[in-house]
Structure formats: structure tokens, C-alpha cells
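The structure under discussion appears below in the form of C-alpha cells.
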Protein chains: 2
Amino acid sequence: MTAVLVVDDDPHLLRALRITLQAHGYDVTTAADGHSALLAATQHPLALVILDLGLPDLDGTSVIRELRTWSRVPVLVLSARHGSEDKVEALDAGADDYITKPFGLDELLARLRALLRRTADPDQEPVVTTDAFTVDLGKRRVLRDGQDIRLTPTEWKMLEVLVRNPEKLVTQQQLLSEVWGPAYAKETNYLRVYMAQLRRKLEPGAATPRHLVTEAGIGYRFLP
Amino acid sequence: MTAVLVVDDDPHLLRALRITLQAHGYDVTTAADGHSALLAATQHPLALVILDLGLPDLDGTSVIRELRTWSRVPVLVLSARHGSEDKVEALDAGADDYITKPFGLDELLARLRALLRRTADPDQEPVVTTDAFTVDLGKRRVLRDGQDIRLTPTEWKMLEVLVRNPEKLVTQQQLLSEVWGPAYAKETNYLRVYMAQLRRKLEPGAATPRHLVTEAGIGYRFLP
DNA sequence: GCCGATCTTGACGAATCCTTGACGCCGGCT
DNA sequence: AGCCGGCGTCAAGGATTCGTCAAGATCGGC
């Protein structure tokens, strides 16, 4: 199970996060201040740390710096401040991602997944198969009729997002944000161009996409 | 079980390493200073030693030199310094690998595996064959048409990384980090130069590499 | 200290990839 | 029927990345 340490001095938020994360299959330990957080980090091998910057005893960035003297575990920072200085400071100290309160739980979970994926062991990534093609997430590879299909980096990123959410509807904003970055939420042109590219390479029957389905006005969906 | 000795004067890090390594199936003993480390090394037969350079009593390189007077156990050095002098000194003293803090536990585990593999029985190393050439990891040789091909040390390291990950995409950063070291993550020039060299020596058909494939913008891939 | 092998560095065309805009099709709506 | 917005398609250009080469720098052995 994936071990996550959550550090926050607000007991309500701490509780909410613990329950939510456990409901999504994470093994959660919590800490309410910087010192106990650093202590907890030495007790178990952790897959990820969620850290609030506003702690009672230590500055949040100090916690990161201290942790970084010996560990490179991914750190996702929570902060009430929107200012870019704090953000820069935290990232410079060694944080991996930054999210400001208030935040949506689904956004937190998405960033968390992205962070964990970046440090995941490729050997145990899933292999997704349809009747037309096979996507090997670990080897970063797509097969069709035994031949491997070469995808450009952008094509792959887009396919990866869809394949990691099988059956689920992926909104245009979600796709654009994960592939091109959060600033490209309006460029739905890209989606059309690259979706056509993917279908040309992966879908056998020309005019009828069976695995990469478009939901008009909303987004796309991958069906295995 | 694989016996590992961890030597560090930071009790937190020591504890974290012991827990992590035990969780990955290693038999761990610890020591907090140079003298007790050397003592511990005489008690059990060890498969590997993880050694922090900054010890309270002895210089880390002295520990290595002392150890090397009677043992050939592989030594992985931890250091807080990024300078190349310490690195050279430690390696000259007889260390086998060098990693600077902060480090990722997964990187440590990977280097540890690599180190243990290097001392593995060469007869058990795999021999990978393609229709054009054969790579013998154990004997460190490459054959083509029955003739063995001379590879320079760097060429070999690069080929080895690729061959040990057949069909898998190997990132540019991964290659650079494993062959030249983690500090060379930007020097993609090297990759181009040495990949050309490898292809000239191994790929028969000139213009169409079939076994050493490039994935533009990402990395390379070895196909048997 | 010399010499050969190996590694580094920079420059250049060639290949690949990304972006952008235009166009036609389809379905919903008035 | 006609308008309109969203989608699929295509191709050109510009930007990035790759392969190639060769000349220095560095290393190691004699």
C-alpha cells in the first residue's frame, strides 16, 4: 500500500484528508507540527508527504530543507497564501508541487497521483489491452498487430492520461492541463489535432472510433 | 538473505535506512562510527557496505582503506558534499559507488542492486542476442558475425544500460545519470555522439537502426 | 615525456515535432 | 431552411531535436 504522511495543524482538515486518502486506498499517517513530522518521516519508508506551510513550531520551508538533507521523498505543499514568493521559496527548498487553499479534493488527488507516478516503479505499471492495440505504461510502448507504434511525446502524454482513466470521462480542461499545462485551458484545437493523430495510429476501422470516444462539448473517454 | 552494513552518525537517517532496507528484504546491521564499523565488518560476512563519509572518529576514506586491506566487499559511499575531490578520493581509496545527499531511496536501492549485480556470478549474467549481434553481460563482450567488437568503456556502459532494459524506453536523463553521473542531465550531446558510435559498430544496415531506436525528445530503446 | 586511444565540445544540415489557420461536415436551434 | 458552434481533417511554417563530423582536450601506458 502507498504510504502518505499528512502534516497540518488544523485537526479538522487533517481528519478530512486522512479519511479521504484512506478511502482512496492510501496508507495514511499524520502529524500536527514540524518536529513530529520529521520524526515520523524516519519511522516508515514514505511514498509521499503532504505538508502545510503554516505550522506552529517550524517554518514549513525549514521542514522541507531538513527533510531534504537526507531524503528525496516527493513533497506536496499546501498553503493559504497565493503569493508567488512563498511558492518560489517552497519549491526552491525542495518541494515538488504546490497547491493553495482552498483546494478541491479531486485536484489534490490528481496532483498526488501525478507526483507518485513520476516516482513509480516502471516494472509494476499496468499493461492495458484492447482488441485493437496494447498500451504498456511501464515500457512506454504501444503495440498493434505485434508491431510497435511510435508516438510523439505529446501523443503519448495524451494517450497516457486517457488510458489511466479507463471508462471515465476526461474533460477537455483536464487533458489540456495535464498534457500542455494549466495555462492552455482554451486551446481545444490541440485536442482535435492530436486526437485525430492518435486515432489514425491506433484505431483500425477508419471512420468509427471505438476506443477513443469523444463526448461532444465535454471531453473524451477511453474504452478498453 | 543479503547482508548489508550501514554506517552513519545520524541516528534518524540510520533508522530510516534500516527500515527501508529491511522492507526490501535485506539483512541490515548498523554502525555509528568508523571503529565500530570496522569491527562489525569482521563479525559477519557482508554482501555490501553503505558508508557515510562524515563520521565522528575516522575519516571515511580511512575506513575504506582499512577495510580494503583485508576485504573486497563492495562499498557504496554517502556524502553531503558534491565536490569532485571527495568523490575521487573516496573512489581511489576503494569505494565502488558514490551518492550525494539528498538522495532518493529508490535511487539508493537501484545503485545498491547494480552494485550487488556487479559482484554477482558472471556465469549467471544473461546473454542477449539479436539477429545482428550478441551482448554477453557476464563476459563484457559483444559479438557480431563471430567477431568480437571492441567497445570503449563509455560505449559499453551505455549499451549495458539499454540492454538491461530490453524494449523499455530509457530516458535521456536516465542514461546520462547512469553513464556519466547525475550532474550531467543536460548534456544530451553525449548521447547523440555515443549512440552514433554504437550504431556504427553494431547496426548492420546503415541508415535504419533496428535495435537501437531513438524516441525523439524522450530517450532511446533497445529492441532484441 | 611521448604517443595512441578515448572523451569532450562546437557547428552544421537533416529529420522530427509542434503550432497555427483554414476548410468542410454534422447536429442542434431558431 | 438557414444559422451556428463544435468536431475532424489537412497542410504549411517555424521551432526543436537528431545525426554527423572533426578538431581540440584529456587520459593512460610505455
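Computed from a prediction, not measured in an experiment: that's the story for all the values here. Any value given below was found using the heavy atoms of this structure, including those in side chains, with hydrogens, waters and symmetry copies removed. Just so it is clear: chains get the letters A, B, ... in the order the sequence lines come, proteins before strands, and each one is counted from 1.
By the neighbour-count criterion of 12 heavy atoms within 6.0 Å, atom NZ of K101(A) is densely surrounded, having more than that number from other residues, nucleotides or ligands.
Distance from the side chain of R199(B) is smallest for dG19(D) among the nucleotides dC7(D), dG19(D), dG8(D).
Here T188(A) lies out of heavy-atom contact (under 4.0 Å) with every strand.
When the P atom of dT20(D) is taken as reference, atom CG of L212(B) falls 12 Å away, rounded to whole Å. Rounded to an integer number of Å, the gap from Q173(A) CD to dG6(D) C1' is 14 Å. Atom-to-atom, NZ of K186(B) to P of dT8(C) comes out at 18 Å; the value is rounded to the nearest Å. One atom, CD1 of I218(A), and another, C1' of dC7(D), lie 14 Å apart when rounded to the nearest Å. The distance from atom CG of L191(A) to atom C1' of dG8(D) is 13 Å, rounded to the nearest whole Å. Taking atom CZ of R200(A) as the reference point, atom P of dT9(D) lies 7 Å away to the nearest angstrom.
T20(A) places a side-chain N or O within donor-acceptor distance of the main-chain N or O of A16(A), the cut-off being under 3.5 Å.
Ring centers of Y194(B) and W156(B): at least 6.0 Å apart, outside the cut-off.
The phosphate of dC10(D) (OP1 or OP2) has no side-chain N or O of Q197(A) nearer than 4.0 angstrom. Look at Q172(B) and you'll find a side-chain N or O under 4.0 angstrom from OP1 or OP2 of dC18(D).
Ring geometry for F133(A) versus H211(A): interplanar angle over 60°, hence perpendicular rather than tilted (30 to 60°).
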* **Nucleic acid footprint by protein, nucleotides 11-30 of chain C - heavy-atom cut-off 4.0 Å, B for base, S for sugar-phosphate alone** => -----SSBBB----------
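Classification of R210(B) and D131(B) as a salt-bridged pair holds, one side-chain N sitting under 4.0 Å from a carboxylate O.
For the pair R221(B)/P166(B), no side-chain contact is recorded, criterion being any heavy-atom separation below 4.5 Å from C-beta on.
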